[in-house]
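Since the structure comes first, as structure tokens, the remarks are kept for the end.
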Amino acid sequence: MVKIISNDLGEEPIGKLLVKQAVPASIGILVMSLNVLVDSIFVGNWIGAIAIAAINVVLPISFFIGALGMAIGIGGSSIISRAMGADNHAKATKTFGNQIVLTFLITITMAILGIVYVDSLIPAFGGKGAIFELAKTYYIIVLYGVPFLAFSMMGNNVIRAEGKPKFAMIAMIIPSVSNLVLDYVFIYVFDWGMTGAAWATTGGYIFSFSYIAYFFTSNRSELKLRLGSLTPDLPIIREIGALGVVTLARQATTSVVYLLMNNILFNLGGESMVAVYAIIGRMLMFALFPVFGVTQGFLPIAGYNYGAVKYDRVKESIYTAIKYAALVATIVFVVLMVFPAEIASLFLSSRPELSPAEIEANNFVLQHTPVAMRLVFAATPIIAIQLIGAAYFQAIGKAIPALLLTLTRQGFFFIPLILILPNLMGEIGVWLSFCTADVLATIVTGVFLHREIKSELS
């Protein structure tokens with residue numbers, strides 16, 4: 001008999017509950033981010049700085065397809081959390097079945113299309129010059145594993161919606177650890193270069209999928225699938241789509257940002273400038289892991305209590321999540337402001353056999369990364385309001401405000417800024433676009449969230 005622990009979401013003290021949910025999520029995100037970070041350090045030291053740029057070109061394409069699974073996972077998880085809060089386990093199980101069908105059909109189709117149009121996609125995302133062949137090698141192999149990544153992202157969010165964050169954490173740790181081990185074996189021991197890096201990443205996706213499949217087929221899950229659960233239910237599919245499009249729009253916008261950034265920076269400074277952005281991008285994923293962890297931990301708490309009509313607990317969860325996230329964001333901010341050069345040097349090889357071109361690329365990256373990092377992360381202490389505010393509307397099933405707030409930073413502010421400021425200020429304009437967009441998006445989100453609390457939760 002499965003122990004029903006999802007009820008804890010509506011009963012435990014909010015502070016204790018948020019820590020209980022956020023710490024495993026943060027650890028999972030930390031390990032996953034460390035995976036990307038250390039993977040890039042391995043590639044930079046054992047293959048070269050241009051190889052980091054090549055991975056940076058591929059990531060937005062492969063992650064977009066993987067994010068289809070995350071979108072279906074988060075959209076369906078909002079329904080599952082609220083259904084469990086209302087004691088409607090039949091709807092929760094039906095939703096999960098529909099998530100599986102949608103993830104399979106959509107991601108397999110997108111992966112096939114991604115392989116067919118590989119020669120057009122890579123240059124469009126900045127894979128030009130010396131970057132192209134390395135990016136193509138990595139891309140094709142990784143795309144084989146992207147459907148497994150999509151299923152993992154979908155299943156991970158459902159596990160968290162059940163109130164089982166430790167299992168979700170393990171599901172995130174498995175691909176990261178296995179990827180790092182395989183990186184060492186395939187790149188360093190077997191000397192497979194970019195091919196080895198790609199197979200290590202794909203292997204990690206497959207291991208993660210295997211664990212999540214084990215979780216749902218064992219007695220650890222409250223969601224017991226039957227054949228009828230896989231039958232498409234149009235109202236549920238529409239609700240998954242309406243809520244999931246928030247996550248998908250975020251990732252789609254991120255992919256557009258990578259496309260613009262890689263091309264703008266290539267024109268400003270060639271492959272080495274793209275490598276600078278690749279390092280910044282890794283730090284954006286890694287350094288903010290505790291903030292994202294608090295956000296992930298907040299989602300099921302807010303969704304469950306909203307479904308249970310416990311509005312005081314919802315309001316308390318908002319304030320507590322913002323407070324915790326702002327604290328850790330400030331700590332991250334201080335570290336990045338003090339040690340940008342030391343961080344950049346971790347990604348670069350000091351091997352004695354480096355060619356003159358590789359030495360020149362390394363010097364360029366070391367010279368340009370510190371200023372870029374300080375400007376990109378300048379508004380980090382205030383982003384908690386932006387992230388928690390957008391997550392709240394998604395958690396309670398209000399798709400339109402969630403979508404608009406999710407698009408605010410990158411879609412409404414950052415993309416216009418990145419098209420304007422570099423023309424006026426060159427490279428500095430690129431990096432200023434990040435913190436300016438953060439400030440503007442935080443102000444807008446804060447206004448929306450304040451109005452919602454006053455009108456709906458009072």
Side-chain angles (χ1 to χ4, degrees), residues 31-66 111 114-115 118-119 121-122 125-150 152 172-211 258 262 271-272 274-275 277-279 281-282 285-286 345-355 357-359 361-362 365:
V31 175
M32 187 172 67
S33 302
L34 272 173
N35 168 38
V36 175
L37 189 71
V38 178
D39 186 47
S40 299
I41 292 172
F42 285 175
V43 168
N45 280 272
W46 295 339
I47 304 177
I50 304 306
I52 301 178
I55 294 177
N56 201 56
V57 168
V58 172
L59 278 180
I61 310 171
S62 60
F63 269 26
F64 174 74
I65 300 174
I115 291 175
V118 56
D119 289 330
L121 285 170
I122 290 177
F125 278 83
K128 303 169 185 175
I131 298 175
F132 177 79
E133 286 301 329
L134 288 171
K136 184 175 180 180
T137 297
Y138 187 84
Y139 171 85
I140 291 175
I141 297 170
V142 166
L143 213 57
Y144 296 147
V146 164
F148 295 101
L149 170 65
S152 298
M172 297 176 75
I173 290 175
I174 287 174
S176 303
V177 173
S178 59
N179 185 16
L180 295 180
V181 172
L182 293 174
D183 262 336
Y184 177 79
V185 174
F186 292 162
I187 301 176
Y188 186 76
V189 178
F190 292 172
D191 195 24
W192 287 357
M194 283 298 278
T195 300
W199 277 117
T201 300
T202 296
Y205 296 159
I206 294 172
F207 282 126
S208 178
F209 167 79
S210 300
Y211 174 80
Y258 269 90
N262 286 337
E271 294 92 343
S272 297
V274 178
Y277 178 49
I279 293 174
R282 297 304 175 277
M285 297 176 69
F286 168 72
S345 65
L346 294 174
F347 293 86
L348 303 174
S349 175
S350 57
R351 290 177 290 118
E353 68 270 19
L354 289 177
S355 68
E358 289 174 317
I359 294 172
N362 285 357
V365 171

Looking only at heavy atoms, which two atoms of [X] and [Y] are closest? And how far apart?
X	Y	answer
Thr202	Ile141	OG1-O, 3.0 Å
Ile131	Gly127	CG2-CA, 3.9 Å
Ser178	Gly204	OG-CA, 3.3 Å
Leu134	Ala54	CB-CB, 3.7 Å
Glu271	Lys128	OE2-O, 4.4 Å
Ala200	Leu182	CB-CB, 3.6 Å

Do the non-hydrogen side-chain atoms of [X] and [Y] ever get within less than 4.5 Å of each other?
X	Y	answer
Asp191	Trp46	no
Tyr139	Leu121	yes
Ile187	Trp192	no
Ile55	Met194	yes

All side-chain hydrogen bond (donor to acceptor under 3.5 Å, both in side chains) counterparts of [X], not counting sequence neighbours:
X	answer
Tyr138	Thr201
Ser208	Ser152
Asn262	Asn56

Can you tell me how far apart [atom1] ([X]) and [atom2] ([Y]) are? Round to the nearest 0.5 Å.
X	Y	atom1	atom2	result
Lys136	Asp119	NZ	CG	4.0 Å
Ser40	Ile279	OG	CD1	8.5 Å
Ile122	Glu133	CD1	CD	8.5 Å
Ile41	Leu180	CD1	CG	10.0 Å

Q. Is the distance between the ring centroids of Phe209 and Phe148 less than 6.0 Å?
A.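 Close enough - the centres of the two rings lie under 6.0 Å apart.
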Q. Does the ring center of Phe42 lie less than 6.0 Å from the ring center of Tyr188?
A. no
Q: Show your reasoning for whether ring-ring contact (aromatic ring centres under 6.0 Å, His included) applies to Tyr277 and Tyr258.
A: CA-CA 9 Å; Tyr277 178 49; Tyr258 269 90; 5.5 Å; yes
Q) Passes side-chain contact (heavy atoms from CB on, under 4.5 Å), Leu143 versus Ile65? Steps please. A) CA-CA 9 Å; Leu143 213 57; Ile65 300 174; 3.8 Å; yes
Q: Assess whether ring-ring contact (aromatic ring centres under 6.0 Å, His included) is satisfied between Phe186 and Trp199, documenting all intermediate values.
A: CA-CA 8 Å; Phe186 292 162; Trp199 277 117; 8.1 Å; no
Q. Do any N or O atoms from the side chain of Asn179 and from the backbone of Pro175 form a donor-acceptor pair under 3.5 angstrom?
A.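 The answer is no, because no donor-acceptor pair under 3.5 Å joins these two groups.
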